[in-house]
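Every chain is numbered from 1 and lettered A, B, ... according to where its sequence line falls, protein lines coming before strand lines.
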2 protein chains.
Amino acid sequence: MPRPTVHDIASKAGVSLATVDRVLNSRPGVRAKTIDKVNAAISEIGYVRDVAAANLARQRDYRFVFVIPKGESWFLRQLENVIDEARHRVISQRIQVETVRVDADNPHALVAMLDHFGYHRVDGIAVMAPETPQLRDAITHLRQEGITVLALLSDLPNSAVDDFVGIDNVAAGRTAAALIGRFMGETSARDILVIAGSMLARDHIDRRLGFDQTIQAMFPKLRVLPTLEAWNDANVIAKRLPALLAANRQIGGIYSVGGGNSGVIDVLAKQGRGDVTVIAHDLTPITQHGLLSGVIDALIVQDLGHAARSAVRLMRARRDREPVLQAQERIRLEIIIKENLPEEGGQIHLEERQ
Amino acid sequence: MPRPTVHDIASKAGVSLATVDRVLNSRPGVRAKTIDKVNAAISEIGYVRDVAAANLARQRDYRFVFVIPKGESWFLRQLENVIDEARHRVISQRIQVETVRVDADNPHALVAMLDHFGYHRVDGIAVMAPETPQLRDAITHLRQEGITVLALLSDLPNSAVDDFVGIDNVAAGRTAAALIGRFMGETSARDILVIAGSMLARDHIDRRLGFDQTIQAMFPKLRVLPTLEAWNDANVIAKRLPALLAANRQIGGIYSVGGGNSGVIDVLAKQGRGDVTVIAHDLTPITQHGLLSGVIDALIVQDLGHAARSAVRLMRARRDREPVLQAQERIRLEIIIKENLPEEGGQIHLEERQ
DNA sequence: ATGAAAGCGCTAACAC
DNA sequence: GTGTTAGCGCTTTCAT
């Protein structure tokens, strides 16, 4: 027996297709009594709407834009790659995905870009940028136009975004603290150096916050030194870290909040400081090498591919006013050590395991 | 300008819709020259096929079955729940998902069930069961019928399955070893007790294997005791563990490979053995409580919801002969400590964060 | 307030 | 080999 369609509802309820459709989409102009008849028929025959057919008839298509910072870091390039991958995956579902790069440190350029999309027809924007008053206003404006706005990877807590896609960075900091504390164990060196960038201000601030919380609560004997601001720049770290290590022999741990990890790895490797426990963020060729060579003890990672796909799903769900499966959209805060380092793997075709 | 359709290809190439369709689906009966013309038109106008419309016209629907063990453990109930959740999510995409429970320890019942599906029309089966010769043969048969077969959570390395959906359990064991070794640090107690069930033989074997590998390689001073076989039964553990702890004061760590964790938690809590480092698997109310109360130091977790959705996506992709995004289907081996314990969350509707 | 009919983009008989 | 035509399940004018 084939699956029931709108025709089945119509004949069961003794009405026409148009009326069924009106009820299905809760459009006005149907008597309450008729609505009841139709609904009765629907539940009686166990009808489930075929969304693909509906969207086809509606000629619905989607246009989503990712706005991410200019810059050539491995992280940002990787982000652009996974967005592009997501784009390919959904293009056959009438979903158009674009990426634009803006100078994140220039609020005016960013806002100009966003305003532009307010006039052209887009359904959703996912933006990764530091929060400024100008950005806040631009987001309010976009949402008034009915455009979905997501904060991507770096939260915008004071803006009227529909959602935040990314890990809880306070929890990330707490996790880093728990790991570094337990890994350091009972060493005599009780100082921890925190190295942060600052470009994605909000996430770095949150991580430091969570880190301090947990060190204080769980490892009161450990002391967290003032943040070394290194602008995610390996050269800055390579220049400043040796002096810090020389001046303070008590440094037994480093929490690298942002980028520039090759600086950390080079300095520690050169000085043979295998005794220093290091926790860093993000899985890149550099941090992977650090992990395998033993300089980095653990990484805290978010799956960028997941974030990109999740952002697309969220924007589509909002456009269609459909519910979201929260569990699927939660970006996991992953702890990676040498033993659970994932293997590489891209698009696999059918032939792989036959 | 609207997005190009088959009609646009047809007029551009000067052929009919039917011919375009033949080329698009690489069906025979078209001259090579015509094929070239059509393909030229396709790439010239940048055509992308609307898969929803195609599936509608094909009247394609899917029928997938999950075959999982009988039993009322939290783990199995949770598995059934997430499969049901996945079922709801895809029902409007003409995908029918069913779950059947079989006595996994009775190879004949299992095989009878699978044979049944070989006769009725199913497109894919995801099976969680221990590998037996009978199962191996049944799978070979199903695949000859053109049915996709997946190994779910517990691998079937010697069977002709299309794919395995779940974590790498050897890597899970290695990860457990690395964590327990580092967490134990320089305590004087150097013995580790391994508690395993046996129902899902394969995964437990793999975990123990990986565990031993890494302890030997990284922590040669630690000694792993013979496995306590407890059949995932908290009562068995509650009975036998106290004696083992009393007989051997050197036990400083416990790796709980399977279920029955409430037994471990109760015994350790009652005896005030906060000094014992414990690593367990799976996030359940029991293990969550163990983590929060400090008895369990870390959990190794796989997201069952992800596994269920992934299985459905894989079976559909195989049915449609479409490629799979490997990165999305990799079930992550997650390390959970108190600090990165995820919050609860089910279906969220639009109103949540406005 | 309700219905008839055309059509979304694609596929599949069946005809030539 | 190639073309014509009638749908797939749903939405949407336009009548009534």
Side-chain angles (χ1 to χ4, degrees), chain A residues 1-39 41-42 45-62 90-96 319-322, chain B residues 1-39 41-42 45-62 90-96 319-322:
Chain A
M1 177 186 66
R3 126 188 204 135
T5 73
V6 278
H7 290 93
D8 300 320
I9 305 176
S11 60
K12 186 100 196 172
V15 296
S16 75
L17 283 186
T19 299
V20 172
D21 187 67
R22 288 184 188 105
V23 176
L24 242 32
N25 297 289
S26 37
R27 270 189 278 271
V30 190
R31 275 188 319 182
K33 228 173 185 165
T34 314
I35 296 184
D36 291 343
K37 270 199 305 194
V38 172
N39 280 327
I42 288 176
I45 64 181
Y47 168 82
V48 183
R49 181 212 228 96
D50 180 332
V51 283
N55 281 339
L56 175 60
R58 285 194 178 106
Q59 301 192 70
R60 171 161 301 183
D61 50 12
Y62 309 82
V90 298
I91 195 166
S92 65
Q93 301 166 46
R94 318 172 124 245
I95 300 176
Q96 197 189 130
R319 171 74 230 272
D320 291 342
R321 303 179 174 287
E322 283 201 342
Chain B
M1 178 185 67
R3 118 187 211 139
T5 74
V6 278
H7 291 93
D8 300 321
I9 306 177
S11 60
K12 184 100 196 173
V15 298
S16 76
L17 281 186
T19 300
V20 172
D21 186 64
R22 288 184 186 104
V23 176
L24 240 33
N25 296 289
S26 36
R27 270 189 279 269
V30 190
R31 276 189 319 186
K33 229 175 185 165
T34 316
I35 296 183
D36 291 343
K37 268 199 305 192
V38 172
N39 280 328
I42 287 175
I45 64 181
Y47 169 81
V48 182
R49 182 213 230 95
D50 180 332
V51 282
N55 281 338
L56 175 60
R58 283 194 179 105
Q59 301 192 70
R60 173 161 300 182
D61 50 12
Y62 310 81
V90 298
I91 195 166
S92 65
Q93 301 165 47
R94 317 173 124 244
I95 301 176
Q96 196 188 132
R319 171 75 230 272
D320 291 342
R321 303 179 175 288
E322 282 201 343

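- Summary for the helix from C:dA1-D:dT16 to C:dC16-D:dG1: the axes at its two ends, each from 5 pairs, differ by 40° when rounded to the nearest 10 degrees.
- Atom OH of B:Y47 is separated from atom CG of B:L24 by 5.0 Å, given to the nearest 0.5 angstrom.
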If you restrict it to nitrogen or oxygen atoms, what contacts under 3.5 Å exist between nucleotides 12-16 of chain D and the protein, and what is each distance?
| from | atom 1 | to | atom 2 | distance (Å) |
| --- | --- | --- | --- | --- |
| D:dT12 | OP2 | A:R27 | NH1 | 3.2 |

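- A nucleotide of DNA chain C counts as in contact with chain A when one of its atoms lies under 4.0 Å from a heavy atom; the first and last such, 5' to 3', are C:dA1 to C:dG9.
- B:A54 and B:R49 get closest at one heavy-atom pair: CB-NE, 4.1 Å.
- At the phosphate of D:dT11, OP1 or OP2 sits under 4.0 Å from a side-chain N or O atom of A:R49.
- The distance between atom CZ of A:R3 and atom P of D:dG9, rounded to the nearest whole Å, is 9 Å.
- B:Y62 and B:N55 make their closest contact through OH-ND2, 3.6 Å (heavy atoms, listed as atom of the first residue, atom of the second, distance).
- Here B:V15 lies in heavy-atom contact (under 4.0 Å) with sugar-phosphate atoms only.
- B:A52 and A:A52 get closest at one heavy-atom pair: CB-CB, 3.7 Å.
- Comparing B:I35 and B:A53 by the nucleotide of DNA chain D whose heavy atom lies nearest to each, the residue mapping closer to the 5' end is B:I35.
- Using a 4.0 Å cut-off between a side-chain N of Lys or Arg and a carboxylate O of Asp or Glu, B:D61 and A:R3 do not qualify as a salt bridge.
- Here the closest heavy-atom approach between residue B:R60 and residue B:R94 is recorded as O-NH1, 3.1 Å.
- In this structure, B:R27 pairs ionically with B:D21, as a charged nitrogen and a carboxylate oxygen lie closer than 4.0 Å.
- The nearest whole Å value for the distance from the CD1 atom in A:I45 to the C1' atom in D:dG9 is 13 Å.
- Closest non-hydrogen pair, B:D50 versus B:A53, comes out as OD1-N, 3.1 Å.
- Between A:T5 and D:dG9 there is no side-chain polar atom (N or O) within less than 4.0 angstrom of OP1 or OP2.
- Taking atom CG of A:D8 as the reference point, atom C1' of D:dC8 lies 13 Å away to the nearest angstrom.
- Residue-level contact check: A:R94 touches the backbone only, with heavy atoms under 4.0 Å from sugar-phosphate atoms and none from bases.
- Regarding B:R31, its CZ atom lies at a distance of 14 Å from the C1' atom of D:dG3, rounded to whole Å.
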* Could you check A:R58 against A:N25 for side chain to side chain contact (heavy atoms under 4.5 Å, CB included), going step by step and ending with a plain yes or no? => CA-CA 12 Å; A:R58 285 194 178 106; A:N25 297 289; 2.9 Å; yes
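- For B:T34 and A:V48, each mapped to the nucleotide of DNA chain D holding its nearest heavy atom, the one lying further toward the 5' end belongs to B:T34.
- Just one of A:V23, A:T34, A:I9 meets the side chain to side chain contact (heavy atoms under 4.5 Å, CB included) condition when paired with A:V15; it is A:T34.
- The heavy-atom pair separating A:A41 from A:K12 by the smallest distance is CB-CG, 3.7 Å.
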